[in-house]
Amino acid sequence: MEGILYIRLRHRVQVREESMVKLSQLAQIIASETIVEDIREIPIHQVTPSDKNIVVVDVMKVISEVCKVYPDLDIQTIGPTQSIIEVIYEKKKVSLPLFIGVWLLLFIGAALAIMNFHEDVSMREVHQRLYHFVTGGVDPHPLLFQVPYSFGLGLGMILFFNHVFRKRLNEEPSPLEVEMFNYQQDLDQYVIMHENKESQKKLDDH
């Protein structure tokens, strides 16, 4: 017996295209100091163009590759039984006209959404009534309320999303980040179930 190897697969690993994924990249490992460095270098998967951008590696494949080198090793697995390899390809530079066009499209769309919402709830009439209640006068354009409300709307969005450009206001995640996390978890679970061929068994498989 050469000892015990503890393996904990990472949930998601990012690698470059055409790279060889080694065990040290794919998992956390604990083993005897005499063999741990060699185990870390064991190749698990060679990324090819046919892999596209997502590869699911099952723990059984990891154990199989380790056993080829250390057949007498006692392998203990901890944690998830699959790991997702995300292949990162070189990003193309976005042209400035395209960036400006998309930015304008999003800006105009967001502005129209806000204006349509305010029109649906008659926000202008609400401000006019508030102005009348506070001052006793009548003003078709109560800037006394509309200007602070506009600044408050922008400030509220900053506090809601918890970001000023790329700077985070505090350590608490924003509701959008929580929803994106939940979406990523569901997406990863779908990928694991449908991309991992070892988790599926058809009637004609032997």
Side-chain angles (χ1 to χ4, degrees), residues 9-17 25 47 49-57 79-196 199-200:
L9 292 182
R10 293 185 170 93
H11 179 70
R12 177 179 285 265
V13 180
Q14 292 183 341
V15 299
R16 298 289 183 183
E17 53 184 315
Q25 297 172 276
V47 178
S50 62
D51 291 329
K52 297 182 180 179
N53 64 324
I54 292 291
V55 182
V56 178
V57 176
T81 56
Q82 291 93 12
S83 181
I84 298 174
I85 299 176
E86 181 181 0
V87 184
I88 304 299
Y89 294 92
E90 185 177 354
K91 295 182 180 180
K92 297 180 180 179
K93 293 184 178 179
V94 179
S95 62
L96 184 60
L98 178 62
F99 173 80
I100 295 175
V102 172
W103 186 88
L104 286 174
L105 181 64
L106 294 175
F107 178 81
I108 294 173
L112 287 174
I114 294 174
M115 287 189 291
N116 288 332
F117 168 75
H118 286 166
E119 187 66 25
D120 288 340
V121 299
S122 303
M123 186 62 70
R124 182 174 60 178
E125 294 180 9
V126 172
H127 286 167
Q128 290 172 347
R129 291 180 181 178
L130 286 174
Y131 184 86
H132 177 68
F133 290 152
V134 174
T135 65
V138 177
D139 189 346
H141 303 289
L143 299 181
L144 179 65
F145 289 95
Q146 290 178 339
V147 173
Y149 173 78
S150 299
F151 282 105
L153 183 63
L155 180 61
M157 295 182 66
I158 291 175
L159 294 176
F160 179 81
F161 290 108
N162 196 24
H163 276 82
V164 179
F165 297 103
R166 293 188 177 184
K167 186 177 180 181
R168 183 188 292 271
L169 298 179
N170 53 55
E171 294 298 323
E172 182 179 351
S174 68
L176 179 61
E177 289 174 322
V178 173
E179 288 301 318
M180 289 298 295
F181 173 79
N182 291 333
Y183 171 76
Q184 187 65 56
Q185 291 290 100
D186 293 339
L187 184 62
D188 289 346
Q189 189 63 30
Y190 176 88
V191 169
I192 287 173
M193 294 299 298
H194 290 79
E195 295 293 331
N196 185 11
S199 66
Q200 302 180 26

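Note that the structure is predicted; figures quoted are calculated from it, not measured. Scope of the values below: all heavy atoms of this structure, side chains included, with no hydrogens, waters or symmetry mates.
Between the CD1 atom of Ile85 and the CG atom of Asn53 there is a distance of 12.0 Å, given to the nearest 0.5 Å. Once rounded to the nearest 0.5 Å, the distance linking CZ of Phe145 with OG1 of Thr135 reads 7.0 Å. Between Ile84 atom CD1 and Ile192 atom CD1 the span is 4.0 Å, to the nearest 0.5 Å. Interatomic distance, Ile100 CD1 to Leu105 CG, rounded to the nearest 0.5 Å: 13.5 Å. Here the straight-line distance linking atom CG of Asn116 with atom CD of Glu119 works out to 8.0 Å at 0.5 Å rounding.
Applying the side-chain hydrogen bond (donor to acceptor under 3.5 Å, both in side chains) rule to Gln14 yields the partners Glu86; only residues at least two apart in sequence or on another chain are considered.
Here the side chains of Val55 and Val47 are not in contact, with every heavy-atom distance at 4.5 Å or above. His127 places none of its side-chain heavy atoms less than 4.5 Å from the side chain of His118. Inter-residue side-chain proximity for Gln128 and His132 is flagged as unmet; no heavy-atom pair is nearer than 4.5 Å. The shortest distance between side-chain heavy atoms of Met123 and Gln146 does not fall below 4.5 Å.
Under the 3.5 Å distance criterion, the side-chain polar atoms of Ser83 are left unmatched by any main-chain donor or acceptor of Val57.
Counted within 6.0 Å of CZ on Arg129, heavy atoms from surrounding residues, nucleotides or ligands total 12 or fewer; the atom is thus considered open. Atom CZ of Phe181 is surrounded by 12 or fewer heavy atoms from other residues, nucleotides or ligands within 6.0 Å.
The two atoms that bring Arg10 and Val13 nearest to each other are CB-CG2, 4.0 Å, heavy atoms only. In this structure, Pro142 and Tyr131 approach most closely via the heavy-atom pair CB-CB, 3.8 Å. What you find for Glu17 and Val87 is that their closest heavy atoms are CA-CG1, 3.8 Å.
Side-chain rings of Phe99 and Trp103 stay apart, their centers remaining 6.0 Å or farther from each other.
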